[in-house]
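These numbers come from a predicted model, not from an experiment. Just so it is clear, the values below take in all heavy atoms, side chains as well, and ignore hydrogens, waters and symmetry mates.
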Amino acid sequence: MTLIGLTGWGDHQDIHQAEINKRHKLEAYAAHFPVVELDSAFYSIIKKEQYEKWLDQTPSNFSFVVKAYQAFTGHDRKMYTRKEMKSLFNDYQANLEPLRDAGKLQCILFQFPPWFDLNSTHINRLKFIREHFKDYPIAIEFRNRTWYDKRIRKKTIDFLNENQWIHTICDEPQAGVGSIPTVLEVTNPQQALIRFHGRNVYGWNHNGQENWREVRFLYNYSIAELSEWVDRIHQLKQQVDQLSILFNNNSGGHAYQNAKTLQQMLNISYEELNPKQIDLFSDG
């Protein structure tokens with residue numbers, strides 16, 4: 001099974017401008033795609049009640065890729081004792097129970113920062129996380145090229161395989177050590193994850209600037225660039241039960257159309273989504 005979706009559901013104008021009667025934005029999104037990346041979970045530990053509301057707005061076969069909280073990946077740059085971190089893990093997992101019980105938790109995505117390079121301390125951190133999320137499907141995305149050095153790459157993939165991490169394959173700018181190459185490797189037979197970040201090298205390296213969010217993922221994939229992925233995706237989906245593809249290039253609103261184009265290229269259609277609203281006064 002191949003699932004195509006977007007990161008977040010609130011900022012996609014091609015979805016929400018077509019709504020006659022404004023619904024919950026997630027409800028509207030789920031009329032177009034069967035999976036979404038829940039980015040807001042990165043910024044805070046979301047309450048159980050909020051997850052329950054989102055469950056009610058989505059069809060039974062809908063699923064969420066939930067971002068790991070920033071303290072887990074080190075993005076917040078704070079120091080925690082093992083006891084403190086275990087407590088955060090427990091809170092996070094307890095609140096996720098509604099998604100998990102409903103069968104709508106696709107995986108938890110641990111996206112590590114650019115300074116999370118290959119060293120023994122970081123390897124031990126990954127082992128610590130895996131130990132405390134042993135009953136969860138967890139995906140990993142590196143943002144540091146040292147993990148994929150030609151001399152190390154096989155060991156990295158073997159390590160992820162042995163510890164049942166879901167490898168995240170990325171299409172992103174090749175912008176130095178703070179970016180990673182496209183590595184077409186599967187490390188978990190149940191799932192694989194592909195994330196499209198665009199290829200805007202200037203925007204990728206614009207971190208820290210006032211408008212970095214506006215330019216970092218500002219990119220519109222061409223037909224030729226998306227076509228590069230058709231054979232790759234066919235090969236990857238033969239290796240896993242489920243392949244999820246997420247477009248994150250929404251700074252300019254391009255993610256929706258890119259995702260729909262790839263869906264057409266792959267000749268994929270989805271059933272049992274939320275019903276779409278039809279504008280009787282529109283031309284299309």
Side-chain angles (χ1 to χ4, degrees), residues 1-42 46 50-67 99 102-107 109 139 168-169 171 191-198 217-223 225-227 229-230 233-234 236-237 242-284:
M1 181 184 299
T2 304
L3 304 178
I4 299 175
L6 313 177
T7 59
W9 56 76
D11 297 328
H12 308 291
Q13 294 184 2
D14 287 327
I15 294 175
H16 303 300
Q17 285 183 346
E19 291 281 306
I20 310 168
N21 303 312
K22 295 300 180 184
R23 300 180 283 181
H24 294 291
K25 287 189 173 182
L26 176 56
E27 183 183 353
Y29 172 95
H32 295 263
F33 299 104
V35 64
V36 73
E37 181 181 307
L38 181 54
D39 190 56
S40 57
F42 172 80
I46 294 172
Q50 183 60 65
Y51 282 120
E52 291 170 344
K53 290 179 182 178
W54 289 333
L55 286 175
D56 291 340
Q57 296 170 27
T58 54
S60 59
N61 61 344
F62 191 87
S63 60
F64 294 80
V65 173
V66 182
K67 288 285 284 291
L99 280 193
K104 292 188 177 185
L105 177 61
Q106 178 87 18
C107 64
L109 171 60
T168 301
I169 300 163
D171 185 301
Q191 292 190 50
L193 188 61
I194 301 173
R195 298 181 80 224
F196 282 85
H197 297 300
F217 303 110
L218 181 61
Y219 196 80
N220 186 14
Y221 283 94
S222 67
I223 297 295
E225 288 169 337
L226 292 175
S227 297
W229 278 91
V230 173
I233 290 168
H234 285 312
L236 289 167
K237 70 181 185 180
Q242 191 157 275
L243 177 64
S244 296
I245 303 169
L246 298 166
F247 281 81
N248 190 37
N249 57 319
N250 198 50
S251 294
H254 300 115
Y256 173 85
Q257 291 296 342
N258 288 168
K260 286 295 186 181
T261 299
L262 183 61
Q263 185 179 336
Q264 292 171 359
M265 288 178 170
L266 295 170
N267 195 28
I268 294 174
S269 61
Y270 299 113
E271 299 179 355
E272 300 180 10
L273 299 176
N274 278 346
K276 292 181 181 178
Q277 293 185 353
I278 302 175
D279 188 346
L280 299 177
F281 295 96
S282 69
D283 295 328

Do any N or O atoms from the side chain of Tyr270 and from the backbone of His32 form a donor-acceptor pair under 3.5 angstrom?
no
What are the two closest heavy atoms between Pro275 and Ala31, and how far apart are they?
O-CB, 3.8 Å
Checking the side chain of Gln263 only, and the main-chain atoms of Ile268 only, is there a donor and an acceptor separated by less than 3.5 Å?
yes
Please report the closest heavy-atom contact between Ser63 and Leu3, naming both atoms and the distance.
OG-CD1, 3.9 Å
Is there a side-chain contact (heavy atoms from CB on, under 4.5 Å) between Arg195 and Leu109 once you walk through the steps?
CA-CA 11 Å; Arg195 298 181 80 224; Leu109 171 60; 3.6 Å; yes
Where do Gln257 and Tyr221 land on the side-chain contact (heavy atoms from CB on, under 4.5 Å) test, with the steps shown first?
CA-CA 9 Å; Gln257 291 296 342; Tyr221 283 94; over 6 Å; no
Enter the distance from Leu193:CG to Gln242:CD here, rounded to the nearest 0.5 Å.
10.5 Å
Test item: Asn258 side-chain N/O and Gly198 main-chain N/O as donor-acceptor pair under 3.5 Å:
no
To the nearest 0.5 Å, atom CD of Glu225 lies from atom OH of Tyr219 at 3.0 Å
For a side-chain contact (heavy atoms from CB on, under 4.5 Å) check, start with the C-alpha distance between Phe64 and Leu26, then their side-chain angles and the critical distance, and finish with the verdict.
CA-CA 11 Å; Phe64 294 80; Leu26 176 56; 4.1 Å; yes
Counting only heavy atoms not in Asn267, do more than 12 fall under 6.0 Å of its CG?
no
To the closest 0.5 Å, what do you measure between NZ (Lys67) and OG (Ser40)?
10.0 Å
Using atom types as modelled and distance alone, determine if a side-chain donor or acceptor of Gln191 lies under 3.5 Å from a backbone N or O of Gln106.
yes
For residues Ala255 and Leu6, report the shortest heavy-atom separation together with the two atoms involved.
O-CD2, 3.6 Å
Given Asn220 and Asn249, is the side chain to side chain donor-acceptor pair (under 3.5 Å) satisfied, shown in steps?
CA-CA 7 Å; Asn220 186 14; Asn249 57 319; 5.5 Å; no
Flag yes if more than 12 heavy atoms outside Met1 fall under 6.0 Å of its CE atom; otherwise flag no.
no
Tell me the closest heavy-atom pair linking Tyr51 and Ile46, and the distance in Å.
CE1-O, 3.6 Å
Would you find a donor on one side and an acceptor on the other, under 3.5 Å apart, between the side chain of Lys25 and the backbone of Gly10?
yes
Looking at Val66 and Ala41, what are the two nearest heavy atoms and their distance?
CG1-CB, 3.5 Å
Give the minimum heavy-atom separation between Leu226 and Leu262, together with the two atoms involved.
O-CD1, 4.2 Å
Test your reading of the model: is there a side-chain donor-acceptor pair from His197 to the backbone of Asn248, 3.5 Å cut-off?
no
Is any side-chain heavy atom of Leu38 closer than 4.5 Å to one of Trp9?
yes
Mark yes or no for whether Asn274, through its side chain, and Glu27, through its backbone, hold a donor-acceptor pair below 3.5 Å.
yes
Show your reasoning for whether side-chain contact (heavy atoms from CB on, under 4.5 Å) applies to Trp54 and Val36.
CA-CA 12 Å; Trp54 289 333; Val36 73; over 6 Å; no
Let me confirm one number: the CZ-CD1 distance from Phe247 to Ile4, rounded to the nearest 0.5 Å.
6.5 Å
To the nearest 0.5 Å, tell me how far Leu243 CG sits from Ile169 CD1.
7.0 Å
CD1 (Ile233) and CD1 (Ile194) are apart, to the nearest 0.5 Å, by 5.0 Å
Taking Tyr29 for the side chain and His12 for the main chain, is one N or O donor matched with an acceptor at less than 3.5 Å?
no
